[in-house]
Enquirer: 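Pasting a structure below so you can have a look.
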2 protein chains.
Amino acid sequence: MNTTAGKPEGSRVIMIDGLAISVDDCPVRDVLGSVGGKWNSLMILSLAEGPRRFSQLRRLIPDISQRMLTQTLRDLQRDGYLARTVFPTKPPSVEYALTPLGRSFLELLRSLVRWSGEHHAEIRAARRIFDENGV
Amino acid sequence: MNTTAGKPEGSRVIMIDGLAISVDDCPVRDVLGSVGGKWNSLMILSLAEGPRRFSQLRRLIPDISQRMLTQTLRDLQRDGYLARTVFPTKPPSVEYALTPLGRSFLELLRSLVRWSGEHHAEIRAARRIFDENGV
DNA sequence: CAGTATCCGGGAGGATACTG
DNA sequence: CAGTATCCTCCCGGATACTG
């Protein structure tokens with residue numbers, strides 16, 4: 001994030017909107033990593049209705065590559081949003097499910113989805129006007 | 001995200017969590033662009049308490065480069081989150097302020113900030129456990 | 001003061017092939 | 001079925017220098 005090559009690193013903090021925000025170790029940045037990635041949010045939404053297996057998720061999200069499907073699942077599992085369960089059948093099947101943390105985050109995500117739907121037209125309009133007047 | 005510069009693109013839609021999500025023209029993706037960018041969210045939070053001028057913002061967010069400060073402001077202005085007002089003094093001064101849309105989005109952002117604070121420890125813990133057991 | 005203009009490295013993410 | 005392993009491309013964002 002920042003090289004700060006040579007600094008003692010005394011946990012620099014800036015005040016924004018009445019909030020102490022750490023530049024070096026920011027909770028919001030951590031969460032934004034999960035909301036900002038291309039597939040993370042969609043993945044959590046895809047598990048909203050219940051556990052799904054790898055190939056089910058692949059069909060649910062046709063545009064994702066195996067590589068990104070695997071990586072997204074691993075990242076979300078790592079941060080505790082979802083749990084991975086292996087059933088030792090043959091061939092093996094693996095199930096992914098939201099954890100309590102993931103379900104809690106899902107609420108936030110639904111607010112975001114709702115807000116997006118309500119204001120998308122407004123955003124598109126602003127963009128159009130800006131682009132017309134701009135160049 | 002998508003140029004839309006030539007394809008008929010019959011608006012492919014997938015159903016997730018009871019929601020119709022367009023792959024080609026997704027409201028959530030548009031908003032996630034603003035929440036996901038490295039500086040966008042922080043910029044909106046920085047304008048929460050009132051209008052700020054360019055150099056004020058630079059001091060508020062010491063780690064940002066001029067380039068990214070300019071670009072972040074332009075992107076957010078383009079999408080209608082903030083308004084830019086030029087005062088023809090000399091040297092000129094420029095003021096940035098949240099629009100109603102920006103203030104509406106700010107509420108969402110504050111939920112995100114609150115949630116992040118409340119669950120950061122949990123996330124860090126999950127991460128630690130995963131990394132230990134992993135390799 | 002409030003920006004452009006360039007150059008550049010690193011990482012996110014896509015495509016493809018292979019495996020237990 | 002549920003993944004690894006590679007390779008490659010694009011573009012985000014940092015550094016630096018210049019300007020009205």
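Chain naming here is simple, since letters A, B, ... match the order of the sequence lines and numbering starts at 1 in each. Bear in mind that the values here come from a model prediction, so they are computed numbers and not experimental data.
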Enquirer: Side chains of B:Ile64 and B:Met43: closer than 4.5 Å at any heavy-atom pair?
Expert: yes
Enquirer: Starting from C1' on C:dG3, measure out to CG on B:Leu73 and report it in whole angstrom.
Expert: 11 Å
Enquirer: How is the base pairing of DNA chain D summarised as a dot-bracket string, given the Watson-Crick and G-U wobble criteria with both distances under 3.5 Å, [ ] for crossing and | for another strand?
Expert: ||||||||||||||||||||
Enquirer: Side chains of residues 50-60 of chain B: which donor-acceptor pairs under 3.5 Å do they make with residues two or more places apart or in other chains?
Expert:
{"from": "B:Gln56", "atom 1": "OE1", "to": "B:Arg53", "atom 2": "N", "distance (Å)": "2.8"}

Enquirer: Between P on C:dT4 and CZ on B:Arg58, what's the gap in Å once rounded to a whole number?
Expert: 13 Å
Enquirer: Could you state the atom-to-atom distance from CD of B:Gln66 to C1' of D:dA15 in whole Å?
Expert: 9 Å
Enquirer: Which whole-number value in Å describes the distance from A:Leu69 CG to C:dG14 P?
Expert: 11 Å
Enquirer: Could you tell me if the side chain of A:Val28 sits less than 4.5 Å from the side chain of B:His120, heavy atoms only?
Expert: no
Enquirer: Does B:Arg114 have any side-chain hydrogen bond (donor to acceptor under 3.5 Å, both in side chains) partners at least two apart in sequence or in another chain, and if so, which?
Expert: none
Enquirer: What pairs of donor and acceptor atoms, side-chain ones from residues 71-78 of chain B against any protein atom, are under 3.5 angstrom apart with sequence neighbours left out?
Expert:
{"from": "B:Thr72", "atom 1": "OG1", "to": "B:Met68", "atom 2": "O", "distance (Å)": "2.6"}
{"from": "B:Arg78", "atom 1": "NH1", "to": "A:Asp131", "atom 2": "OD1", "distance (Å)": "2.8"}
{"from": "B:Arg78", "atom 1": "NH1", "to": "A:Asp131", "atom 2": "OD2", "distance (Å)": "2.4"}

Enquirer: What's the CD-P distance between B:Glu95 and C:dG3, to the nearest Å?
Expert: 12 Å
Enquirer: Can you name the side-chain contact (heavy atoms from CB on, under 4.5 Å) partners of B:Arg103, sequence neighbours left out?
Expert: B:Leu98, B:Pro100
Enquirer: Apply side-chain contact (heavy atoms from CB on, under 4.5 Å) to A:Ala121 and list each qualifying residue two or more places apart in sequence or on a separate chain.
Expert: none
Enquirer: Check nucleotides 9-13 of chain D for protein N or O atoms closer than 3.5 Å to its own N or O atoms and list the pairs.
Expert:
{"from": "D:dG13", "atom 1": "OP1", "to": "B:Lys38", "atom 2": "N", "distance (Å)": "3.1"}

Enquirer: Do you know which two heavy atoms are closest between B:Met15 and B:Ala20, and how far apart they sit?
Expert: SD-CA, 3.6 Å
Enquirer: Quick one, which residues of residues 80-94 of chain A touch DNA chain C with a heavy atom under 4.0 Å?
Expert: none
Enquirer: Whole angstroms only, please: what is the OH-P distance between B:Tyr96 and C:dC1?
Expert: 14 Å
Enquirer: Check whether any side-chain nitrogen or oxygen of B:Arg53 sits under 4.0 Å from OP1 or OP2 of C:dA2, and answer yes or no.
Expert: yes
Enquirer: Compare side-chain N and O positions of B:Thr70 against OP1 and OP2 of C:dG3 and report whether any pair is under 4.0 Å apart.
Expert: no
Enquirer: Expressed as a whole number of angstroms, how long is the span from A:Phe54:CZ to D:dT4:C1'?
Expert: 11 Å
Enquirer: Just to verify, what does A:Arg67 make a side-chain hydrogen bond (donor to acceptor under 3.5 Å, both in side chains) with, not counting sequence neighbours?
Expert: none
Enquirer: For DNA chain C, what residues of residues 40-52 of chain B have any heavy atom nearer than 4.0 Å?
Expert: none
Enquirer: A:Arg110 and A:Ala48: which non-hydrogen atoms are nearest, and at how many Å?
Expert: NH2-CB, 3.8 Å
Enquirer: What pairs with B:Phe105 under ring-ring contact (aromatic ring centres under 6.0 Å, His included), at least two apart in sequence or on another chain?
Expert: A:Trp115, B:Tyr81
Enquirer: Check the distance between C:dG13's C1' and A:Ile61's CD1 and give it to me in whole angstrom.
Expert: 15 Å
Enquirer: Determine whether B:Asp17 and A:Ser46 make a side-chain contact, defined as any pair of heavy atoms from C-beta on separated by less than 4.5 Å.
Expert: no
Enquirer: Take A:Arg124 and B:Asp30, measure what side-chain contact (heavy atoms from CB on, under 4.5 Å) needs, and give me the verdict at the end.
Expert: CA-CA 9 Å; A:Arg124 304 283 282 188; B:Asp30 272 356; 3.6 Å; yes
Enquirer: Could you list all the side chain to side chain donor-acceptor pair (under 3.5 Å) pairs where at least one residue sits in residues 83-102 of chain A, not counting sequence neighbours?
Expert: A:Arg84-A:Tyr96
